[in-house]
There are 2 protein chains.
Amino acid sequence: MKLYNFFRSGTSHRLRIALNLKGLDTQYIPVDLRTEQHLKDDFKAVNPQMLVPALATDDGKVLIQSPAIIEWLEETHPSPALLPTTAHERAHVRALAAIVGCDIHPINNRRILEYLRHQFGADEAAINAWCGTWISAGFDAYEALLAQDAQRGRFSFGDAPSIADVYLVPQIESARRFKVDLSRWPLIGAVDKACAELDAFQRAAPTRQPDAG
Amino acid sequence: MKLYNFFRSGTSHRLRIALNLKGLDTQYIPVDLRTEQHLKDDFKAVNPQMLVPALATDDGKVLIQSPAIIEWLEETHPSPALLPTTAHERAHVRALAAIVGCDIHPINNRRILEYLRHQFGADEAAINAWCGTWISAGFDAYEALLAQDAQRGRFSFGDAPSIADVYLVPQIESARRFKVDLSRWPLIGAVDKACAELDAFQRAAPTRQPDAG
(Lines give C-alpha, C1' and ligand atoms only; values in the text may rest on other atoms or scores of the structure.)
Protein backbone atom coordinates (compact mmCIF):
# COMPACT_ATOMS: atom_id res chain seq x y z
CA MET A 1 0.00 0.00 0.00
CA LYS A 2 1.06 3.57 -0.65
CA LEU A 3 0.54 6.20 2.03
CA TYR A 4 0.30 9.75 0.71
CA ASN A 5 1.04 11.94 3.69
CA PHE A 6 2.97 14.80 5.27
CA PHE A 7 5.09 14.40 8.37
CA ARG A 8 3.48 17.23 10.34
CA SER A 9 -0.15 16.69 9.29
CA GLY A 10 -2.18 15.51 12.28
CA THR A 11 -4.47 13.30 10.19
CA SER A 12 -1.42 11.71 8.52
CA HIS A 13 0.16 11.13 11.95
CA ARG A 14 -3.09 9.54 13.16
CA LEU A 15 -3.19 7.15 10.24
CA ARG A 16 0.50 6.22 10.62
CA ILE A 17 -0.18 5.21 14.25
CA ALA A 18 -3.15 3.06 13.22
CA LEU A 19 -1.14 1.37 10.44
CA ASN A 20 1.73 0.69 12.86
CA LEU A 21 -0.61 -0.74 15.52
CA LYS A 22 -2.02 -3.07 12.87
CA GLY A 23 1.51 -4.10 11.89
CA LEU A 24 1.12 -2.90 8.30
CA ASP A 25 3.97 -1.57 6.18
CA THR A 26 3.31 1.05 3.53
CA GLN A 27 5.33 2.90 0.96
CA TYR A 28 5.71 6.47 2.25
CA ILE A 29 4.85 9.08 -0.38
CA PRO A 30 5.44 12.60 0.95
CA VAL A 31 3.09 15.37 -0.15
CA ASP A 32 4.66 18.67 0.88
CA LEU A 33 1.94 21.00 2.17
CA ARG A 34 4.46 23.85 2.52
CA THR A 35 4.98 23.99 -1.25
CA GLU A 36 1.29 23.19 -1.85
CA GLN A 37 1.95 19.89 -3.61
CA HIS A 38 -1.50 18.81 -2.39
CA LEU A 39 -3.12 21.45 -4.62
CA LYS A 40 -1.34 20.30 -7.80
CA ASP A 41 -3.02 18.22 -10.51
CA ASP A 42 -0.86 15.17 -9.74
CA PHE A 43 -2.27 14.88 -6.25
CA LYS A 44 -5.77 16.01 -7.20
CA ALA A 45 -5.88 12.93 -9.45
CA VAL A 46 -5.20 10.83 -6.33
CA ASN A 47 -7.59 12.68 -4.00
CA PRO A 48 -10.13 15.14 -5.45
CA GLN A 49 -10.40 16.72 -1.98
CA MET A 50 -6.71 17.67 -2.17
CA LEU A 51 -6.02 16.82 1.46
CA VAL A 52 -3.67 14.28 3.03
CA PRO A 53 -3.68 11.47 3.96
CA ALA A 54 -4.76 9.11 1.19
CA LEU A 55 -4.09 5.38 1.11
CA ALA A 56 -3.70 3.55 -2.20
CA THR A 57 -4.44 -0.13 -1.65
CA ASP A 58 -2.72 -2.93 -3.51
CA ASP A 59 -5.72 -3.42 -5.81
CA GLY A 60 -5.28 0.15 -7.08
CA LYS A 61 -8.11 1.76 -5.13
CA VAL A 62 -7.59 4.98 -3.21
CA LEU A 63 -9.11 5.56 0.21
CA ILE A 64 -9.43 9.08 1.59
CA GLN A 65 -10.45 10.69 4.89
CA SER A 66 -8.59 9.26 7.89
CA PRO A 67 -11.77 8.40 9.90
CA ALA A 68 -13.00 6.28 6.97
CA ILE A 69 -9.58 4.70 6.42
CA ILE A 70 -9.20 3.82 10.10
CA GLU A 71 -12.63 2.11 10.15
CA TRP A 72 -11.59 0.28 6.95
CA LEU A 73 -8.36 -0.87 8.63
CA GLU A 74 -10.37 -2.15 11.60
CA GLU A 75 -12.71 -4.09 9.27
CA THR A 76 -10.04 -5.55 7.00
CA HIS A 77 -7.30 -6.13 9.62
CA PRO A 78 -9.27 -6.80 12.81
CA SER A 79 -6.30 -7.89 14.92
CA PRO A 80 -5.19 -6.25 17.14
CA ALA A 81 -8.57 -4.63 17.66
CA LEU A 82 -8.61 -0.85 18.02
CA LEU A 83 -12.29 -0.79 18.99
CA PRO A 84 -13.90 -2.60 21.95
CA THR A 85 -16.41 -5.41 21.50
CA THR A 86 -19.72 -4.03 22.82
CA ALA A 87 -21.70 -1.46 20.83
CA HIS A 88 -21.88 0.90 23.79
CA GLU A 89 -18.15 0.78 24.41
CA ARG A 90 -17.47 1.24 20.71
CA ALA A 91 -19.68 4.34 20.73
CA HIS A 92 -17.72 5.66 23.71
CA VAL A 93 -14.34 5.18 22.01
CA ARG A 94 -15.63 6.62 18.73
CA ALA A 95 -17.00 9.64 20.64
CA LEU A 96 -13.57 10.31 22.16
CA ALA A 97 -12.05 10.05 18.69
CA ALA A 98 -14.70 12.38 17.23
CA ILE A 99 -14.05 15.04 19.88
CA VAL A 100 -10.57 15.29 18.37
CA GLY A 101 -11.40 14.35 14.78
CA CYS A 102 -14.39 16.67 14.34
CA ASP A 103 -14.25 19.34 17.01
CA ILE A 104 -10.54 20.09 17.40
CA HIS A 105 -8.36 19.08 14.49
CA PRO A 106 -10.28 20.39 11.44
CA ILE A 107 -10.66 23.84 13.02
CA ASN A 108 -6.90 24.19 13.55
CA ASN A 109 -5.97 22.84 10.17
CA ARG A 110 -3.42 24.58 7.97
CA ARG A 111 -5.98 25.92 5.47
CA ILE A 112 -8.06 27.44 8.27
CA LEU A 113 -5.07 29.19 9.84
CA GLU A 114 -4.03 30.54 6.44
CA TYR A 115 -7.52 32.01 6.01
CA LEU A 116 -7.34 33.65 9.46
CA ARG A 117 -3.93 35.12 8.62
CA HIS A 118 -4.87 36.44 5.20
CA GLN A 119 -8.54 37.42 5.58
CA PHE A 120 -8.64 38.47 9.23
CA GLY A 121 -5.02 39.59 9.69
CA ALA A 122 -4.40 37.13 12.54
CA ASP A 123 -0.84 37.26 13.93
CA GLU A 124 0.90 34.37 15.68
CA ALA A 125 -0.56 35.30 19.09
CA ALA A 126 -4.06 35.34 17.60
CA ILE A 127 -3.43 31.99 15.88
CA ASN A 128 -2.21 30.41 19.12
CA ALA A 129 -5.25 31.81 20.98
CA TRP A 130 -7.59 30.40 18.30
CA CYS A 131 -6.00 26.95 18.40
CA GLY A 132 -5.80 27.02 22.19
CA THR A 133 -9.52 27.76 22.47
CA TRP A 134 -10.64 24.70 20.48
CA ILE A 135 -7.98 22.40 21.88
CA SER A 136 -8.94 23.42 25.43
CA ALA A 137 -12.68 22.97 24.86
CA GLY A 138 -12.12 19.53 23.37
CA PHE A 139 -9.53 18.40 25.91
CA ASP A 140 -11.76 19.57 28.79
CA ALA A 141 -14.48 17.25 27.46
CA TYR A 142 -12.03 14.41 26.77
CA GLU A 143 -10.54 14.70 30.28
CA ALA A 144 -14.05 14.70 31.83
CA LEU A 145 -14.94 11.52 29.93
CA LEU A 146 -11.70 9.84 31.06
CA ALA A 147 -12.46 10.86 34.67
CA GLN A 148 -15.99 9.38 34.46
CA ASP A 149 -14.75 5.99 33.24
CA ALA A 150 -14.24 3.91 36.39
CA GLN A 151 -13.06 0.88 34.37
CA ARG A 152 -10.28 2.74 32.60
CA GLY A 153 -6.71 1.46 32.57
CA ARG A 154 -3.62 3.21 31.22
CA PHE A 155 -5.06 4.24 27.85
CA SER A 156 -8.11 6.27 26.77
CA PHE A 157 -10.15 3.09 27.06
CA GLY A 158 -9.08 0.02 28.99
CA ASP A 159 -5.53 -1.29 29.01
CA ALA A 160 -4.68 -1.31 25.33
CA PRO A 161 -4.52 1.39 22.66
CA SER A 162 -7.74 2.14 20.78
CA ILE A 163 -8.69 4.51 17.99
CA ALA A 164 -9.23 7.15 20.69
CA ASP A 165 -5.47 7.12 21.42
CA VAL A 166 -4.75 7.12 17.68
CA TYR A 167 -6.59 10.46 17.44
CA LEU A 168 -5.44 11.90 20.76
CA VAL A 169 -1.67 11.65 20.49
CA PRO A 170 -1.25 13.72 17.28
CA GLN A 171 -3.55 16.34 18.80
CA ILE A 172 -1.31 16.55 21.88
CA GLU A 173 1.67 16.99 19.56
CA SER A 174 -0.18 19.84 17.84
CA ALA A 175 -1.15 21.41 21.18
CA ARG A 176 2.53 21.57 22.13
CA ARG A 177 3.29 23.31 18.83
CA PHE A 178 0.64 25.94 19.59
CA LYS A 179 2.10 26.41 23.10
CA VAL A 180 -0.94 25.11 24.98
CA ASP A 181 -0.20 24.31 28.65
CA LEU A 182 -1.05 20.62 28.92
CA SER A 183 -0.74 20.41 32.71
CA ARG A 184 -4.47 21.24 32.98
CA TRP A 185 -5.34 17.72 31.73
CA PRO A 186 -3.42 15.21 33.88
CA LEU A 187 -5.36 12.16 32.68
CA ILE A 188 -4.69 13.02 29.05
CA GLY A 189 -1.03 13.54 29.99
CA ALA A 190 -0.87 10.08 31.54
CA VAL A 191 -2.41 8.48 28.45
CA ASP A 192 0.14 10.31 26.30
CA LYS A 193 2.96 8.84 28.42
CA ALA A 194 1.55 5.32 28.11
CA CYS A 195 1.33 5.68 24.33
CA ALA A 196 4.84 7.13 24.09
CA GLU A 197 6.23 3.85 25.45
CA LEU A 198 4.92 1.93 22.44
CA ASP A 199 6.95 1.41 19.31
CA ALA A 200 3.88 1.95 17.08
CA PHE A 201 3.47 5.47 18.42
CA GLN A 202 7.21 6.23 18.44
CA ARG A 203 7.70 5.25 14.79
CA ALA A 204 4.70 7.39 13.72
CA ALA A 205 6.07 10.62 15.21
CA PRO A 206 6.47 13.53 12.77
CA THR A 207 10.21 13.86 13.49
CA ARG A 208 10.78 10.23 12.50
CA GLN A 209 9.36 10.61 8.98
CA PRO A 210 11.52 10.83 5.83
CA ASP A 211 10.14 14.27 4.89
CA ALA A 212 10.63 15.79 8.36
CA GLY A 213 12.51 19.05 8.42
CA MET B 1 -34.71 6.98 24.08
CA LYS B 2 -34.31 10.68 24.71
CA LEU B 3 -32.84 12.88 22.01
CA TYR B 4 -31.25 16.07 23.30
CA ASN B 5 -31.09 18.36 20.31
CA PHE B 6 -31.80 21.74 18.71
CA PHE B 7 -33.93 22.17 15.61
CA ARG B 8 -31.37 24.15 13.61
CA SER B 9 -28.21 22.27 14.67
CA GLY B 10 -26.77 20.38 11.71
CA THR B 11 -25.51 17.49 13.81
CA SER B 12 -28.93 17.20 15.49
CA HIS B 13 -30.63 17.24 12.07
CA ARG B 14 -28.23 14.53 10.86
CA LEU B 15 -29.04 12.30 13.80
CA ARG B 16 -32.80 12.83 13.41
CA ILE B 17 -32.57 11.63 9.80
CA ALA B 18 -30.65 8.50 10.84
CA LEU B 19 -33.15 7.71 13.63
CA ASN B 20 -36.06 8.18 11.22
CA LEU B 21 -34.46 5.96 8.57
CA LYS B 22 -34.03 3.26 11.23
CA GLY B 23 -37.70 3.68 12.21
CA LEU B 24 -36.86 4.66 15.79
CA ASP B 25 -38.99 6.99 17.90
CA THR B 26 -37.37 9.17 20.54
CA GLN B 27 -38.52 11.70 23.09
CA TYR B 28 -37.51 15.12 21.77
CA ILE B 29 -35.73 17.22 24.39
CA PRO B 30 -34.93 20.69 23.04
CA VAL B 31 -31.68 22.36 24.12
CA ASP B 32 -31.88 25.99 23.06
CA LEU B 33 -28.49 27.10 21.78
CA ARG B 34 -29.72 30.70 21.38
CA THR B 35 -30.16 31.04 25.16
CA GLU B 36 -27.04 28.91 25.79
CA GLN B 37 -28.91 26.11 27.56
CA HIS B 38 -26.14 23.80 26.35
CA LEU B 39 -23.63 25.63 28.57
CA LYS B 40 -25.72 25.26 31.76
CA ASP B 41 -24.95 22.72 34.48
CA ASP B 42 -28.12 20.70 33.73
CA PHE B 43 -26.93 19.89 30.25
CA LYS B 44 -23.26 19.60 31.20
CA ALA B 45 -24.33 16.71 33.46
CA VAL B 46 -25.76 15.01 30.35
CA ASN B 47 -22.86 15.81 28.02
CA PRO B 48 -19.56 17.12 29.45
CA GLN B 49 -18.71 18.46 25.98
CA MET B 50 -21.76 20.75 26.15
CA LEU B 51 -22.71 20.19 22.52
CA VAL B 52 -25.85 18.75 20.96
CA PRO B 53 -26.92 16.14 20.06
CA ALA B 54 -26.83 13.55 22.84
CA LEU B 55 -28.87 10.37 22.93
CA ALA B 56 -29.93 8.84 26.26
CA THR B 57 -30.64 5.16 25.72
CA ASP B 58 -33.33 3.24 27.60
CA ASP B 59 -30.73 1.67 29.92
CA GLY B 60 -29.77 5.15 31.16
CA LYS B 61 -26.54 5.53 29.20
CA VAL B 62 -25.78 8.68 27.27
CA LEU B 63 -24.16 8.63 23.85
CA ILE B 64 -22.54 11.76 22.44
CA GLN B 65 -20.96 12.82 19.13
CA SER B 66 -23.23 12.20 16.14
CA PRO B 67 -20.63 10.18 14.15
CA ALA B 68 -20.30 7.76 17.09
CA ILE B 69 -24.07 7.62 17.64
CA ILE B 70 -24.76 6.93 13.97
CA GLU B 71 -22.24 4.04 13.94
CA TRP B 72 -23.91 2.76 17.15
CA LEU B 73 -27.32 2.91 15.46
CA GLU B 74 -25.95 0.94 12.51
CA GLU B 75 -24.54 -1.73 14.84
CA THR B 76 -27.57 -2.04 17.13
CA HIS B 77 -30.32 -1.54 14.50
CA PRO B 78 -28.75 -2.92 11.33
CA SER B 79 -31.91 -2.81 9.21
CA PRO B 80 -32.33 -0.89 6.98
CA ALA B 81 -28.56 -0.69 6.46
CA LEU B 82 -27.09 2.79 6.07
CA LEU B 83 -23.66 1.43 5.11
CA PRO B 84 -22.87 -0.87 2.15
CA THR B 85 -21.62 -4.43 2.62
CA THR B 86 -18.05 -4.43 1.31
CA ALA B 87 -15.24 -2.80 3.29
CA HIS B 88 -14.16 -0.70 0.31
CA GLU B 89 -17.67 0.62 -0.32
CA ARG B 90 -18.12 1.31 3.37
CA ALA B 91 -14.89 3.32 3.34
CA HIS B 92 -16.19 5.27 0.35
CA VAL B 93 -19.50 6.14 2.05
CA ARG B 94 -17.75 7.00 5.32
CA ALA B 95 -15.33 9.25 3.41
CA LEU B 96 -18.25 11.17 1.87
CA ALA B 97 -19.75 11.54 5.35
CA ALA B 98 -16.41 12.68 6.79
CA ILE B 99 -15.99 15.38 4.13
CA VAL B 100 -19.11 16.95 5.64
CA GLY B 101 -18.70 15.79 9.23
CA CYS B 102 -15.05 16.78 9.65
CA ASP B 103 -14.17 19.29 6.97
CA ILE B 104 -17.32 21.41 6.58
CA HIS B 105 -19.72 21.32 9.50
CA PRO B 106 -17.43 21.82 12.53
CA ILE B 107 -15.77 24.84 10.93
CA ASN B 108 -19.11 26.61 10.39
CA ASN B 109 -20.48 25.72 13.79
CA ARG B 110 -22.18 28.33 15.98
CA ARG B 111 -19.30 28.58 18.48
CA ILE B 112 -16.79 29.20 15.66
CA LEU B 113 -18.89 31.93 14.07
CA GLU B 114 -19.34 33.60 17.48
CA TYR B 115 -15.55 33.62 17.90
CA LEU B 116 -15.10 35.19 14.44
CA ARG B 117 -17.70 37.85 15.26
CA HIS B 118 -16.32 38.74 18.68
CA GLN B 119 -12.55 38.24 18.30
CA PHE B 120 -12.06 39.16 14.64
CA GLY B 121 -14.98 41.57 14.18
CA ALA B 122 -16.50 39.52 11.34
CA ASP B 123 -19.75 40.97 9.96
CA GLU B 124 -22.47 38.96 8.21
CA ALA B 125 -20.76 39.26 4.82
CA ALA B 126 -17.51 37.95 6.29
CA ILE B 127 -19.37 35.10 8.03
CA ASN B 128 -21.10 34.11 4.80
CA ALA B 129 -17.77 34.23 2.93
CA TRP B 130 -16.13 32.05 5.62
CA CYS B 131 -18.90 29.45 5.53
CA GLY B 132 -19.09 29.59 1.75
CA THR B 133 -15.35 28.85 1.47
CA TRP B 134 -15.48 25.62 3.47
CA ILE B 135 -18.83 24.48 2.08
CA SER B 136 -17.55 25.04 -1.46
CA ALA B 137 -14.26 23.21 -0.89
CA GLY B 138 -16.10 20.25 0.63
CA PHE B 139 -18.92 20.18 -1.92
CA ASP B 140 -16.41 20.38 -4.80
CA ALA B 141 -14.77 17.20 -3.45
CA TYR B 142 -18.13 15.53 -2.76
CA GLU B 143 -19.39 16.34 -6.27
CA ALA B 144 -16.15 14.99 -7.81
CA LEU B 145 -16.53 11.72 -5.91
CA LEU B 146 -20.17 11.41 -7.02
CA ALA B 147 -19.09 12.03 -10.63
CA GLN B 148 -16.38 9.33 -10.40
CA ASP B 149 -18.83 6.66 -9.18
CA ALA B 150 -20.10 4.93 -12.31
CA GLN B 151 -22.34 2.57 -10.29
CA ARG B 152 -24.19 5.35 -8.53
CA GLY B 153 -27.99 5.55 -8.49
CA ARG B 154 -30.19 8.35 -7.14
CA PHE B 155 -28.45 8.76 -3.79
CA SER B 156 -24.86 9.49 -2.72
CA PHE B 157 -24.17 5.78 -2.99
CA GLY B 158 -26.34 3.33 -4.90
CA ASP B 159 -30.13 3.48 -4.91
CA ALA B 160 -30.91 3.81 -1.23
CA PRO B 161 -30.02 6.38 1.41
CA SER B 162 -26.76 5.85 3.30
CA ILE B 163 -24.98 7.70 6.07
CA ALA B 164 -23.47 9.92 3.35
CA ASP B 165 -26.95 11.33 2.63
CA VAL B 166 -27.61 11.62 6.36
CA TYR B 167 -24.64 13.99 6.58
CA LEU B 168 -25.14 15.75 3.24
CA VAL B 169 -28.74 16.96 3.52
CA PRO B 170 -28.33 19.04 6.72
CA GLN B 171 -25.20 20.59 5.19
CA ILE B 172 -27.20 21.60 2.11
CA GLU B 173 -29.78 23.18 4.42
CA SER B 174 -26.98 25.10 6.14
CA ALA B 175 -25.50 26.16 2.78
CA ARG B 176 -28.85 27.72 1.83
CA ARG B 177 -28.88 29.64 5.12
CA PHE B 178 -25.41 31.05 4.35
CA LYS B 179 -26.58 32.02 0.83
CA VAL B 180 -24.29 29.65 -1.04
CA ASP B 181 -25.29 29.19 -4.69
CA LEU B 182 -25.91 25.45 -4.95
CA SER B 183 -26.28 25.35 -8.75
CA ARG B 184 -22.53 24.70 -9.01
CA TRP B 185 -23.05 21.11 -7.76
CA PRO B 186 -25.79 19.50 -9.88
CA LEU B 187 -25.15 15.95 -8.67
CA ILE B 188 -25.44 17.03 -5.04
CA GLY B 189 -28.62 18.89 -5.98
CA ALA B 190 -30.10 15.75 -7.52
CA VAL B 191 -29.28 13.69 -4.41
CA ASP B 192 -30.93 16.38 -2.28
CA LYS B 193 -34.10 16.09 -4.40
CA ALA B 194 -34.15 12.29 -4.07
CA CYS B 195 -33.80 12.57 -0.28
CA ALA B 196 -36.49 15.26 -0.04
CA GLU B 197 -39.02 12.76 -1.39
CA LEU B 198 -38.54 10.48 1.62
CA ASP B 199 -40.63 10.80 4.76
CA ALA B 200 -37.58 10.14 7.01
CA PHE B 201 -35.85 13.23 5.62
CA GLN B 202 -39.01 15.37 5.59
CA ARG B 203 -39.83 14.68 9.25
CA ALA B 204 -36.23 15.50 10.32
CA ALA B 205 -36.27 19.00 8.80
CA PRO B 206 -35.53 21.87 11.22
CA THR B 207 -38.86 23.60 10.49
CA ARG B 208 -40.79 20.46 11.50
CA GLN B 209 -39.31 20.28 15.03
CA PRO B 210 -41.22 21.33 18.17
CA ASP B 211 -38.63 23.98 19.09
CA ALA B 212 -38.51 25.55 15.59
CA GLY B 213 -39.01 29.29 15.53
Side-chain angles (χ1 to χ4, degrees), chain A residues 11 44 47-51 55 57 59 61 63-76 83 86-88 90-99 101-107 109 111-112 115-116 119-122 126 129-130 133-134 137-138 140-145 147-148, chain B residues 11 44 47-51 55 57 59 61 63-76 83 86-88 90-99 101-107 109 111-112 115-116 119-122 126 129-130 133-134 137-138 140-145 147-148:
Chain A
T11 48
K44 192 176 180 183
N47 178 5
Q49 201 187 359
M50 297 179 281
L51 293 174
L55 185 70
T57 59
D59 57 3
K61 288 172 173 155
L63 305 179
I64 65 164
Q65 281 287 344
S66 64
I69 302 173
I70 289 169
E71 292 281 350
W72 176 87
L73 278 176
E74 187 71 2
E75 292 181 353
T76 56
L83 282 169
T86 75
H88 179 261
R90 292 162 72 88
H92 174 70
V93 168
R94 284 187 175 117
L96 289 170
I99 288 174
C102 297
D103 290 333
I104 304 179
H105 178 273
I107 304 167
N109 218 343
R111 59 185 191 145
I112 306 292
Y115 192 106
L116 293 176
Q119 305 296 321
F120 291 115
W130 168 272
T133 297
W134 313 121
D140 281 351
Y142 202 107
E143 182 87 1
L145 292 173
Q148 279 178 7
Chain B
T11 48
K44 192 177 180 183
N47 178 6
Q49 201 186 359
M50 298 178 281
L51 293 175
L55 185 71
T57 58
D59 58 1
K61 289 172 172 154
L63 307 179
I64 65 166
Q65 281 288 344
S66 63
I69 303 173
I70 290 168
E71 291 282 349
W72 176 87
L73 278 177
E74 187 70 2
E75 292 181 353
T76 56
L83 282 169
T86 75
H88 178 261
R90 292 162 72 88
H92 174 68
V93 168
R94 285 187 175 118
L96 289 170
I99 288 174
C102 297
D103 290 333
I104 304 179
H105 178 272
I107 303 168
N109 217 343
R111 60 186 190 145
I112 306 293
Y115 192 107
L116 293 176
Q119 305 296 320
F120 291 115
W130 168 273
T133 297
W134 314 120
D140 281 351
Y142 203 107
E143 182 87 0
L145 292 173
Q148 279 178 8

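All chains are named by letter (A, B, ...) in the order of the sequence lines, taking the proteins before the strands, and each is independently numbered beginning at 1.
The CZ atom of R94(B) sits 11.5 Å away from the CG atom of L63(A) when rounded to the nearest 0.5 Å. The line from CD1 of I64(B) to NE2 of H92(A) is 8.5 Å long, rounded to the nearest 0.5 Å. Atom CD1 of I99(B) is separated from atom CG of L51(A) by 8.5 Å, given to the nearest 0.5 angstrom.
Annotation: side-chain hydrogen bond (donor to acceptor under 3.5 Å, both in side chains) contacts of R111(B) (sequence neighbours excluded): none. In this structure L73(A) satisfies the side chain to side chain contact (heavy atoms under 4.5 Å, CB included) test together with L15(A), A18(A), L19(A), L24(A), H77(A), sequence neighbours excluded.
Most heavy-atom pairs under 4.5 Å with chain A: of the set G138(B), A95(B), A141(B), this distinction falls to A95(B). The greatest number of non-hydrogen atom pairs below 4.5 Å with chain A, out of K44(B), Q119(B), Q49(B), M50(B), is found for Q49(B). Taking chain A as the reference chain and counting heavy-atom pairs below 4.5 Å, the highest number among T57(B), I69(B), L116(B) is found for L116(B). Top candidate by heavy-atom pairs under 4.5 Å with chain B, chosen from L96(A), V93(A), T76(A), I112(A), is I112(A). Counting heavy-atom pairs under 4.5 Å between each of A122(B), A144(B), A91(B) and chain A puts A91(B) at the top.
Of the atoms belonging to Q148(B), it is side-chain heavy atoms, and not backbone ones, that fall under 4.5 Å from chain A. There is no contact between S66(B) and chain A, counting heavy-atom distances below 4.5 Å. Contact of I70(B) with chain A is not made at all, since no heavy-atom distance falls under 4.5 Å. With a 4.5 angstrom heavy-atom cutoff, A129(A) touches chain B via backbone and side-chain atoms both.
For the pair A98(A) and P67(B), the tightest heavy-atom approach, listed with the atom from each and the gap, is CB-CG, 4.4 Å. Here the closest heavy-atom approach between residue C102(A) and residue C102(B) is recorded as SG-SG, 4.1 Å.
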message: Test side chain to side chain contact (heavy atoms under 4.5 Å, CB included) on I107(B) and N109(A); report intermediate values, then the result.
response: CA-CA 10 Å; I107(B) 303 168; N109(A) 218 343; over 6 Å; no

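A donor and an acceptor atom, one from each side chain of Q65(A) and D103(B), are located under 3.5 Å apart.
Taking the six-membered ring where the residue is Trp, W130(A) and F120(B) present tilted rings, their angle falling between 30° and 60°.
The closest side-chain heavy-atom distance from R90(B) to E71(A) is not below 4.5 Å.
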